[in-house]
Amino acid sequence: SYAQMFDFTVFPVPHVGDTYSVNMQSAVDLDCVYSVYDFNGNLLHRARFRLEQGHNRDHYIIPDNPLPNGLILHRFDFDDGSAKTALTLKTE
C-alpha cells in the first residue's frame with residue numbers, strides 16, 4: 001500500500017500557536033490528501049500533495065482554521081484507499 005511507502009513527522013509537538021511543519025518522506029510517486037481534525041472530529045484543514053519518489057522535505061502548514069487546545073488528528077489518505085495517521089497535542 002502507499003501508506004507503507006510513506007512516512008511523516010509533525011513538529012513541534014506540542015504545538016504552540018496555529019502553524020507547524022510536517023516532514024514528509026515517500027519511497028514512490030504518490031498523491032495524498034492531508035486532513036487535520038480536532039478531537040471532536042471537526043475538519044480544521046485539508047490539502048492535497050503530489051510527492052515524487054525520494055521526497056524528503058519539511059512542509060510549513062498554515063491551517064484553514066485555528067487549532068484548538070487538546071489532541072489533534074493528522075490523517076493522510078492515499079489513492080489506493082490506505083491511510084496513515086498520527087495524534088499530536090496543542091497547548092497554549
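Each residue takes its place number in the sequence, starting with 1.
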ask   = Do the two ring centres, one from F6 and one from F78, sit under 6.0 Å apart?
value = yes

inquiry  = S1: which residues meet the side-chain hydrogen bond (donor to acceptor under 3.5 Å, both in side chains) condition with it, sequence neighbours left out?
reply    = none

query = Which pair of non-hydrogen atoms, one from D79 and one from Y2, has the smallest distance, and what is that distance?
reply = N-CD1, 4.4 Å

inquiry  = For the CZ atom on F39, are there more than 12 heavy atoms of other groups (residues, nucleotides or ligands in this structure) within a distance under 6.0 Å?
reply    = no

task = Tell me, please, which residues at least two apart from A83 pass side chain to side chain contact (heavy atoms under 4.5 Å, CB included).
result = R75, D77

query = Should F76 and V33 be marked as a side-chain contact (heavy atoms from CB on, under 4.5 Å) after you check the CA-CA gap, both sets of side-chain angles, and the distance that decides it?
reply = CA-CA 6 Å; F76 285 87; V33 175; over 6 Å; no

query = Taking only residues two or more places apart in sequence, or in another chain, which ones meet D18 in a side chain to side chain contact (heavy atoms under 4.5 Å, CB included)?
reply = P66, L67, K90

message = Tell me every residue that passes side-chain hydrogen bond (donor to acceptor under 3.5 Å, both in side chains) with H74, counting only those two or more places apart in sequence or in another chain.
response = Y34, T88

ask   = Excluding sequence neighbours, so at least two apart, what forms side chain to side chain contact (heavy atoms under 4.5 Å, CB included) with R50?
value = D31

remark   = Sequence neighbours excluded, the answer for ring pair (Phe, Tyr, Trp, His ring centres under 6.0 Å) partners of H59 is F49, H55

inquiry  = Is it the case that over 12 heavy atoms from other parts of the model lie below 6.0 angstrom from the CD atom of Q25?
reply    = yes

query = Roughly how far, to the nearest 0.5 Å, is the CD atom of Q4 from the OG atom of S82?
reply = 7.5 Å

query = Just by distance, do the side chain of K84 and the backbone of D7 share a donor-acceptor pair under 3.5 Å?
reply = no

inquiry  = Measuring from atom CZ of F8 to atom SG of C32, what distance do you get when rounded to the nearest 0.5 angstrom?
reply    = 10.0 Å

task = Tell me, please, which residues at least two apart from D29 pass salt bridge (Lys or Arg N to Asp or Glu O under 4.0 Å).
result = none

inquiry  = Taking transitive links into account, so neighbours of neighbours count too, which hydrophobic residues share a cluster with I62 at under 4.5 Å side-chain distance?
reply    = Y60

query = Given the rule in the side-chain contact (heavy atoms from CB on, under 4.5 Å) test, do M24 and T9 qualify, once you have shown the distances and angles that lead to the verdict?
reply = CA-CA 7 Å; M24 299 180 203; T9 304; over 6 Å; no

message = Against Y20, only a single residue in I61, V13, I72 fulfils side-chain contact (heavy atoms from CB on, under 4.5 Å); can you say which?
response = I61

message = For R46 and V36: C-alpha separation, side-chain torsions, deciding distance, then whether side-chain contact (heavy atoms from CB on, under 4.5 Å) applies.
response = CA-CA 6 Å; R46 179 166 283 158; V36 181; over 6 Å; no

Counterpart residues, side-chain hydrogen bond (donor to acceptor under 3.5 Å, both in side chains), relative to N42 (two or more places apart) = D38

message = Using the ring pair (Phe, Tyr, Trp, His ring centres under 6.0 Å) criterion, which residues pair with H45? Sequence neighbours excluded.
response = none

task = Return each pair, listed once, that meets salt bridge (charged side-chain N to carboxylate O under 4.0 Å, His left out) where at least one residue sits in residues 52-71; pairs must be two or more places apart or across chains.
result = none

task = List, by chain and number, the other hydrophobic cluster members for L73, where Ile, Leu, Val, Met, Phe, Trp and Tyr join if side-chain heavy atoms come within less than 4.5 Å, directly or indirectly.
result = Y37, L43, L87

